[in-house]
Each structure stands twice: as C-alpha cells, then as structure tokens.
Amino acid sequence: MAQEDGRLPEVLERVTASHCITDLAQKLQFYDRWAPDYDQDVAALRYRAPSLAVGCLTIPSTPTPPTGLILDVACGTGLVAAKVRRSGFLQLHGVGSSPGMLEQAWACGLYRQLSLCTLGQEPRPSPESMFNAVPMVGALSDGQVRRTAIPELLSPPPLHTIQVWMTTRTNSSNLPYKETLETALEGLEQDGMWECLVAQPADHGELATSTLAVPSTCAKDGFILGIIYLYWKRG
C-alpha cells in the first residue's frame, strides 16, 4: 500500500488526463500506452467499481447460473474477469477497443475468447453466443462507450433471461453524460427492451482526481461517487 500511495500523484495526473480526452481515437491511443501500468495505477487509485458491480451476479431475484456465459464489454485488462472468476463463474468472453489493453487481458488467462471491437461502430462479436450476463464497468463516459451503443448489449434479442450491469461516475465532469445515459436507459425500458432492477449508488468507486470536484458528487473521504445499474431481459 505504501508503494501505491507513493505513486498516487503521478496516477492522479494520468487519470485526470484520461478524463479530459473526449475523442475516441485519442482515448484509445492513450489506453494503449497506459496498458502496461494500468492495473498498478488503478490499485493506487483504490478503484473498486469491479468489486462493487460483480455482486449483481448473485442477486437472489435474477441469479446468473455458475455455468452461465458472461460477456465482459469494455473489458480493459481483465479486472472484472478476475472478480467474476473469484465468485465461481468460469465462462468468460471479453470485448474491448484497445489492442494494448486486450493484450494485457489475454495475458491474465481468464478469458475463453477476446475480441477487438468498438461498440456502436462495429457489430458485436459472437452474436450467435447466448450470454447470461453482460457487464460493462468503468466505460460509460465521454470518449468511451457512446450512449447510442447501449442497445448493442441486447443484440441479437436474447432467447433467455439475461442480466446487463453497468457503472458510471457521478462526479461533476461526468454528470452531463450520466443524465443523457439515464434518458437512454429509461427509453429502452419504456420500449420493453429490459427492466431496471437496481440503480444503486456506490460511495467508494475510486479516489477523486481533483479537490475542485463539486462536494455533492464526492464522498467526504475524497472518493468519487458512482452508480451501479442492473437491468434484465426475460427471455
């Protein structure tokens, strides 16, 4: 922990730079360069979104079977996969837009299959596969996954019950994105695409990168507030 805290100022500067990039191509180049150090950096940032979100897999009303197939969207280096495997789920596919990040994800040895795909610009890989759960953690912000790409998570329409769980930040710089994201999510629910089961605040997603953040969007101990969404579609 002391080593992680010692590198924290450098990490905060890097994460701040990432949040400021809203062009997708530039963001992907940034992530390619960041990939070798990403896991160490987010550990210093006390990034807890994967741990907080994985609990959705075992919610009693819609549990994912241990043998279920999980599609990790915007999988990064495999942080969500590591948490999923520790919870006893072994069938994981991953999708990501950064070749550098996917290289790190493949090295972790947790995925049966990994695919390079920019959701919303290219067809989702493995459309023939019937996934039981589709997590997308940490990718819902400007310059990453577009709000218009959300319906791709349910394409093609599932023939069985499927969970979709997502996270986003509620700090001041991400609030405009969050507001339009929730409009899109609610629109899909009104169209009968899925049903919202959980919209749960997360108090300790990661450390804030700036003391200038609006107080109401940060916890008192300096963590960014976030939110976890769980939707499901009955097959």
Side-chain angles (χ1 to χ4, degrees), residues 15 18-19 24 27-28 31 34-35 38-39 41-59 62 64 68-89 91-98 101-102 104-105 108 110-111 114-115 117-120 124-125 131-147 149-150 152-154 162-171 174 177-178 181-182 184-185 194 196-207 209 223-232:
V15 173
S18 170
H19 289 174
L24 179 59
K27 179 85 83 172
L28 293 179
Y31 274 110
W34 192 6
Y38 182 82
D39 286 2
D41 283 0
V42 297
L45 198 64
R46 303 180 194 175
Y47 179 57
R48 298 182 60 235
S51 298
L52 296 171
V54 163
C56 292
L57 281 169
T58 55
I59 286 180
T62 59
T64 298
L69 186 59
I70 297 173
L71 178 65
D72 185 4
V73 175
C75 64
T77 59
L79 294 176
V80 170
K83 302 299 182 183
V84 168
R85 286 288 292 263
R86 288 174 193 165
S87 298
F89 301 90
Q91 310 296 325
L92 287 106
H93 290 199
V95 174
S97 303
S98 162
M101 290 285 192
L102 285 180
Q104 298 295 318
C108 77
L110 300 177
Y111 293 96
L114 285 170
S115 303
C117 172
T118 301
L119 198 69
R124 198 196 76 187
F131 296 101
N132 298 90
V134 181
M136 183 165 56
V137 177
L140 291 172
S141 64
D142 278 329
Q144 293 185 280
V145 175
R146 298 176 179 176
R147 295 168 288 275
I150 299 299
E152 291 290 327
L153 301 178
L154 295 172
I162 182 173
Q163 285 187 3
V164 179
W165 31 289
M166 301 164 281
T167 69
T168 193
R169 294 177 282 111
T170 59
N171 58 313
N174 202 51
Y177 179 96
K178 174 181 174 290
L181 169 68
E182 290 184 342
L185 297 179
W194 56 16
C196 181
L197 296 181
V198 173
Q200 174 180 311
D203 292 340
H204 294 81
E206 62 186 80
L207 286 173
T209 59
F223 279 81
I224 289 177
L225 303 180
I227 187 165
I228 300 168
Y229 306 99
L230 171 62
Y231 285 80
W232 79 319

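All of these numbers come straight from a predicted model, not from anything done at the bench.
- Scanning all heavy atoms of the two residues, the minimum distance from V164 to L154 falls at CG2-CD2, 4.0 Å.
- Interatomic distance, CD1 of I162 versus CH2 of W232, reported as 12.5 Å (0.5 Å rounding).
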Checklist entry - Checking side chain to side chain contact (heavy atoms under 4.5 Å, CB included) for the pair Q104/W34: CA distance, chi angles, key distance, verdict? => result CA-CA 11 Å; Q104 298 295 318; W34 192 6; over 6 Å; no
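- T168 and L140 get closest at one heavy-atom pair: OG1-O, 2.7 Å.
- Atom NZ of residue K83 and atom CZ of residue F89 lie 15.0 Å apart, to the nearest 0.5 angstrom.
- Interatomic distance, L102 CG to Y111 OH, rounded to the nearest 0.5 Å: 8.5 Å.
- To the nearest 0.5 Å, atom CZ of residue R169 and atom CD1 of residue I227 are 13.5 Å apart.
- Between L24 and T118, some side-chain heavy-atom pair lies under the 4.5 Å cut-off.
- The main-chain N or O of S18 is found under 3.5 Å from a side-chain atom of K27 such that the two form a donor-acceptor pair.
- Taking OH of Y31 as the start and CD of Q144 as the end, the distance is 4.0 Å to the nearest 0.5 Å.
- Here the shortest heavy-atom pairing between S97 and C117 reads OG-O, 3.0 Å.
- Below 30°, between 30° and 60°, or above 60°: for Y231 and Y229 the angle between ring planes is between 30° and 60°, a tilted geometry.
- Considering all non-hydrogen atoms of both residues, L110 and A81 come closest at CD1-C, 3.8 Å.
- To the nearest 0.5 Å, the span separating CG on L114 from CE on M101 amounts to 13.5 Å.
- Nearest approach of A74 to M136, heavy atoms of both residues: CB-CG, 4.4 Å.
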Next on the checklist: Set out, in order, the CA-CA distance, both residues' side-chain angles and the distance that settles side chain to side chain contact (heavy atoms under 4.5 Å, CB included) for H19 and S141, then state yes or no.
Outcome noted: CA-CA 8 Å; H19 289 174; S141 64; over 6 Å; no
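- Applying the side-chain contact (heavy atoms from CB on, under 4.5 Å) test between C56 and each of L197, T64, V198, I228 identifies I228 as the sole match.
- Using a 4.5 Å heavy-atom threshold, the side chains of P201 and L225 count as separate.
- Shortest non-hydrogen contact noted between L153 and V134 is CD2-CG1, 3.9 Å.
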Checklist entry - Yes or no on side chain to side chain contact (heavy atoms under 4.5 Å, CB included) for V137 and V54, after CA distance, side-chain angles and deciding distance? => result CA-CA 9 Å; V137 177; V54 163; over 6 Å; no
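- Within a 6.0 Å radius of CZ in R147, more than 12 heavy atoms belonging to other residues, nucleotides or ligands are found.
- In this structure, the side chain of N132 engages the main chain of L69 through a donor-acceptor pair within 3.5 Å.
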Next on the checklist: Please evaluate residues V73 and E152 with respect to the criterion side chain to side chain contact (heavy atoms under 4.5 Å, CB included), reporting the C-alpha separation (whole Å), side-chain torsions for both, the decisive distance (0.1 Å), and the verdict.
Outcome noted: CA-CA 10 Å; V73 175; E152 291 290 327; over 6 Å; no
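- Here the side chains of I150 and L185 are in contact, with some heavy-atom distance below 4.5 Å.
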